[in-house]
Amino acid sequence: MKLNEYLARFNELKILYQNVKDNFLSRGLVHHNWNHILRDLARGIIIGEKEHANMKIVLACILLHDIGRLYPELGKNYHSVGTEIAPKYLIKAGFTEDEIERIIHCMRAYGPSGIEEPKTLEARVCYDVDVLSCTVGYIGVARTFDYFMREEGMNVKQIMQVPSRKRKLREIFYTETGKQLGEKGYKKAIRFWQKLHQEFAEEERTTKEIIPDYEGD
């Protein structure tokens, strides 16, 4: 199904979608912006449908998973801030207490940076959506650089020195669909990082032979 069909089927989801969209567009985030949310929604539909997940829960979680980033004044841990803020959005949209509880768990378990292990099918779907979003394939690598350069102000060398766990490169997928979608992209990303480290080391060594105090960037 297309996203608009889900919005037409679940009025609560439609209300939540518009509210979250308005908030993201008004804040103008650089990397984790509204387009990022839309890409994750598409992946959520692809994985969630094949895994027969509750799509209302999955899509609500995806809509809200980065909501904490809109409230930096409440803390740097956007997972924790998001789970504190999300119930207000969900209650306003008309979700039930049980649905809210399930959605909050999905948010807390969202991706490798999550603060809980995904225990439900919907949480596992959402986890895999995040892994596919920014760790696999050449696009995933490009968006990793985009994030660290534009939001963290890092250069290439500094990004390469970031531990892989913080670059979110992960081989683990919780769903069979996520694994099928991500395996090839994961291998591409691994090859890229290996080649990059090799070429960077060669460049640095060659330059230092001529200019010993070169530090690289």
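The basis for the numbers below is simple: all heavy atoms, side chains too, and nothing from hydrogens, waters or symmetry mates. The model shown is predicted, which means the values in this text are computed figures rather than measured ones.
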Q: For the pair Glu151 (side chain) and Phe148 (backbone), establish whether a donor and an acceptor sit closer than 3.5 Å, ignoring hydrogens and angles.
A: no
Q: Check the hydrophobic clustering (I, L, V, M, F, W, Y; side-chain heavy atoms under 4.5 Å; chains of links allowed) and say if Val156 and Ile211 are grouped together.
A: no
Q: Taking the six-membered ring for Trp, are Tyr17 and Trp34 parallel (under 30°), tilted (30 to 60°) or perpendicular (over 60°)?
A: perpendicular
Q: Determine the minimum heavy-atom distance between Tyr127 and Ala109, stating which atoms define it.
A: CD1-O, 3.4 Å
Q: Indicate yes or no: at least one non-hydrogen side-chain atom of Thr120 is less than 4.5 angstrom from one of His105.
A: yes
Q: Kindly indicate whether the side chain of Leu90, heavy atoms from C-beta on, has any atom under 4.5 Å from the side chain of Leu64.
A: yes
Q: Check the side chains of Glu117 and Tyr174 for a donor-acceptor pair under 3.5 angstrom, ignoring hydrogens and angles.
A: yes
Q: What I want to find out is whether Glu12 reaches Lys56 closely enough, with some N-O distance under 4.0 Å, to be called a salt bridge.
A: yes
Q: State, to 0.1 Å, how close Asp128 and Phe173 come at their nearest heavy-atom pair, and which atoms those are.
A: OD1-CA, 3.4 Å
Q: Is there a path of hydrophobic side-chain contacts, each under 4.5 Å between heavy atoms of I/L/V/M/F/W/Y residues, joining Ile139 to Leu196?
A: no
Q: Decide yes or no for Phe95 and Leu13: does some side-chain heavy atom of the first lie under 4.5 Å from some side-chain heavy atom of the second?
A: yes
Q: Decide, yes or no, whether a salt bridge links Arg43 with Asp40 under the criterion of side-chain N to carboxylate O below 4.0 Å.
A: yes
Q: Would you compute the distance between atom CD1 of Ile100 and atom CZ of Arg102 and round it to the nearest 0.5 angstrom?
A: 12.5 Å
Q: Quick one, Lys92 and Ile15 - any side-chain contact, counting heavy atoms below 4.5 Å?
A: no
Q: Report yes or no: do Asp130 and His65 form a side-chain donor-acceptor pair below 3.5 Å?
A: no
Q: Do Phe200 and Tyr138 share a hydrophobic cluster (ILVMFWY, side-chain heavy atoms under 4.5 Å, transitive)?
A: no
Q: Any idea which heavy atoms bring Leu121 and His52 closest together, and the distance?
A: CD2-O, 3.8 Å
Q: Looking only at atom types and distance, does a side-chain atom of Ser26 sit under 3.5 Å from a main-chain N or O of Asn23, one as donor and one as acceptor?
A: yes
Q: Just how far is it from atom CD1 of Ile62 to atom CE of Met55, taken to the nearest 0.5 Å?
A: 7.0 Å
Q: To the nearest 0.5 Å, how far apart are CE in Met107 and CG in Leu63?
A: 10.5 Å
Q: Can a side-chain donor-acceptor contact be found between Glu204 and Tyr214 if the only test is distance below 3.5 angstrom?
A: no
Q: For the pair Arg108 (side chain) and Gly114 (backbone), establish whether a donor and an acceptor sit closer than 3.5 Å, ignoring hydrogens and angles.
A: no
Q: Verify, without hydrogens or angle tests, whether Asp66 (side chain) and Arg69 (backbone) share a donor-acceptor contact under 3.5 angstrom.
A: no
Q: Do Ser133 side-chain atoms and Val129 backbone N/O form a donor-acceptor pair below 3.5 Å?
A: no
Q: Less than 6.0 angstrom from the centroid, inside 45 degrees of the normal: does Arg27 satisfy that with respect to the ring of Tyr71?
A: yes
Q: Above 12 or not: heavy atoms from other molecules or residues under 6.0 Å from NZ of Lys184?
A: no
Q: How far apart are the closest heavy atoms of Gly44 and Val58, and which atoms are they?
A: O-CG1, 4.2 Å
Q: Is the backbone of Asn54 close enough, under 3.5 Å, to the side chain of Glu122 for a donor and an acceptor to pair up by distance?
A: yes
Q: Nearest 0.5 Å please: distance from the CZ atom of Phe145 over to the CG atom of Asn155.
A: 10.0 Å
Q: Hydrophobic clusters here meaning ILVMFWY residues chained together by side-chain heavy-atom distances under 4.5 Å, can you tell me if Tyr89 and Leu38 are in one?
A: yes
Q: On the ring face of Phe192, is Lys187 found with NZ or CZ under 6.0 Å from the centre and within 45° of the axis?
A: no
Q: Any side-chain heavy-atom pair from Ile45 and Tyr6 closer than 4.5 angstrom?
A: yes
Q: With a 4.5 Å heavy-atom cut-off, do Lys195 and Gln198 have their side chains touching?
A: yes
Q: What distance do Ile46 atom CD1 and Glu51 atom CD have between them, rounded to the nearest 0.5 Å?
A: 12.5 Å
Q: Are Phe24 and His32 an aromatic pair by the rule of ring centers under 6.0 Å?
A: no
Q: Looking only at non-hydrogen atoms, find the nearest pair between Cys61 and Tyr110 and report the distance.
A: SG-CD1, 3.6 Å
Q: Taking all heavy atoms of Ser80 and all of Ile115, pick out the closest pair and write down the distance.
A: OG-CD1, 3.9 Å
Q: Tell me whether the rings of His197 and Trp193 are parallel (<30°), tilted (30 to 60°) or perpendicular (>60°).
A: tilted
Q: Would you compute the distance between atom CG of Leu181 and atom OG1 of Thr175 and round it to the nearest 0.5 angstrom?
A: 7.5 Å
